[in-house]
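Just the heavy atoms: all of them, side chains too, but no hydrogens, waters or symmetry mates, feed the values below. As the structure lists them, so they are numbered: ligands from 1, and atoms in each ligand from 1.
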Amino acid sequence: MNDKKKRLAVFCSGTGSNFKALFHAIIERALPAEIVLCLSNRSQCGAMDFAREYEIESLHLSETQFRTYDEFASAMLQALRERRIDLIMLAGYLRKIPDAVIAAYPEKIVNIHPSLLPQFGGHGMYGMRVHEAVIASGETRSGATVHFVNEEYDKGRIIKQNHVPVLPDDTPETLAERVLLCEHRLYPAALEKLLDEQP
Ligand code: GAR
């Protein structure tokens, strides 16, 4: 394993339970990584509260703060460059990453998605909508996928997947709970794999 610590930015929009799972795993497993930034499109959310509590820099960055989308993308790039970010982990970040940022960080942006991609991914497929679609389809298996981010929603190379059963009496909510627990194991394991492989 590479000993030099990678500088991580975690992007969130909500509760941030995956962010918390990553944070704790880095400490408990002594992974060569440090979360130096929590970036969110929302000034107030569980993830930002957690960042403040643990004295991780929290940055509220939203398109609404800028005149144009290009200015927003430039500000995001600048924030990442200034902090010398090596890896960006999307943890429930429900906005598209600007193409300019994706181009600047090829195979350095990672996302976790609550289904077995390539199934139930793509534009508009996030959060509870994914679990509703899985149940409506009659699938007996679901799970979570960690993958690299490219210009197409949920289409980047898959890093790791884990599956869970879909039970006959599941509701989207009960399935979401089971998948989220699976995510909390999967995301740290995927980070560990990435850190092993990174130059
Ligand atoms: C997670 O289930 C994550 O997979 C999903 O949002 C939830 C965030 O939970 N992400 C997507 O749907 C992205 N397409 P968290 O804020 O508690 O980590």
Legend entry - Gln161 and His147 side chains, donor-acceptor separation under 3.5 Å: no
Inset, instruction - Within a distance under 4.0 Å of any heavy atom of Thr15, pick out the atoms of ligand 1 and give their elements. - result: 16 (O), 17 (O)
Inset, instruction - Before accepting this row, confirm whether a basic side-chain N of the pair Glu34/Lys6 lies closer than 4.0 Å to the acidic partner's carboxylate O. - result: no
Inset, instruction - Using distance alone, decide if ligand 1 has a nitrogen or oxygen within less than 3.5 Å of any nitrogen or oxygen in Asn18. - result: yes
Inset, instruction - May I ask you to check whether Leu180 has an N/O atom sitting below 3.5 Å from an N/O atom of ligand 1? - result: no
Inset, instruction - Using the side chain to side chain contact (heavy atoms under 4.5 Å, CB included) rule, pick out the option among Val130, Ile135, Val134 that qualifies with Pro172. - result: Ile135
Inset, instruction - Examine the side chains of Thr64 and Ser62 and answer whether a donor and an acceptor come within less than 3.5 Å of each other. - result: yes
Inset, instruction - Check ligand 1 against Tyr126 and write out every atom of the ligand that is under 4.0 Å from a heavy-atom position of the residue. - result: 12 (O), 14 (N)
Legend entry - Winner among Lys20, His131, His113 once heavy atoms are compared against atom 14 (N) of ligand 1: His113
Inset, instruction - Verify whether one side chain among Ser17 and His184 offers a donor that lies under 3.5 Å from an acceptor in the other. - result: yes
Inset, instruction - Mark up the atoms of ligand 1 that fall under 4.0 Å of a heavy atom belonging to Met125, in ascending order. - result: 14 (N)
Legend entry - Atom indices of ligand 1, in the order listed, that fall short of 4.0 Å to a heavy atom of Gly127: 12 (O)
Legend entry - Pair Glu71, Gln65: side-chain N/O donor-acceptor within cut-off below 3.5 Å: no
Legend entry - Transitive ILVMFWY side-chain link Val101 to Leu39, under 4.5 Å: yes
Inset, instruction - Of all the heavy-atom pairs spanning Ala91 and Asn18, show the shortest one and how long it is. - result: CB-CB, 3.9 Å
Inset, instruction - Please confirm whether Gly16 comes under 4.0 Å of ligand 1, counting heavy atoms of the residue only. - result: yes
Inset, instruction - If you have a sec, work out which protein heavy atom is nearest atom 10 (N) of ligand 1 and how many Å separate them, to one decimal? - result: Ile112 O, 3.7 Å
Legend entry - Residue part near ligand 1, for Glu183, under 4.0 Å between non-hydrogen atoms: side chain
Inset, instruction - Please determine if Ser17 has a nitrogen or oxygen closer than 3.5 Å to a nitrogen or oxygen of ligand 1. - result: yes
Legend entry - Region of Val179 that comes within reach of ligand 1 [heavy atoms, distance under 4.0 Å]: neither
Inset, instruction - Report, in ascending order of atom number, the atoms of ligand 1 lying under 4.0 Å from any heavy atom of Pro114. - result: 2 (O), 4 (O), 5 (C), 10 (N), 11 (C), 12 (O)
Legend entry - Exercise: do Ser13 and Asn41 side chains pair donor with acceptor under 3.5 Å: yes
Legend entry - Residue and atom name of the nearest protein heavy atom (relative to atom 7 (C) of ligand 1), distance in Å to one decimal: Gly92 CA, 4.3 Å
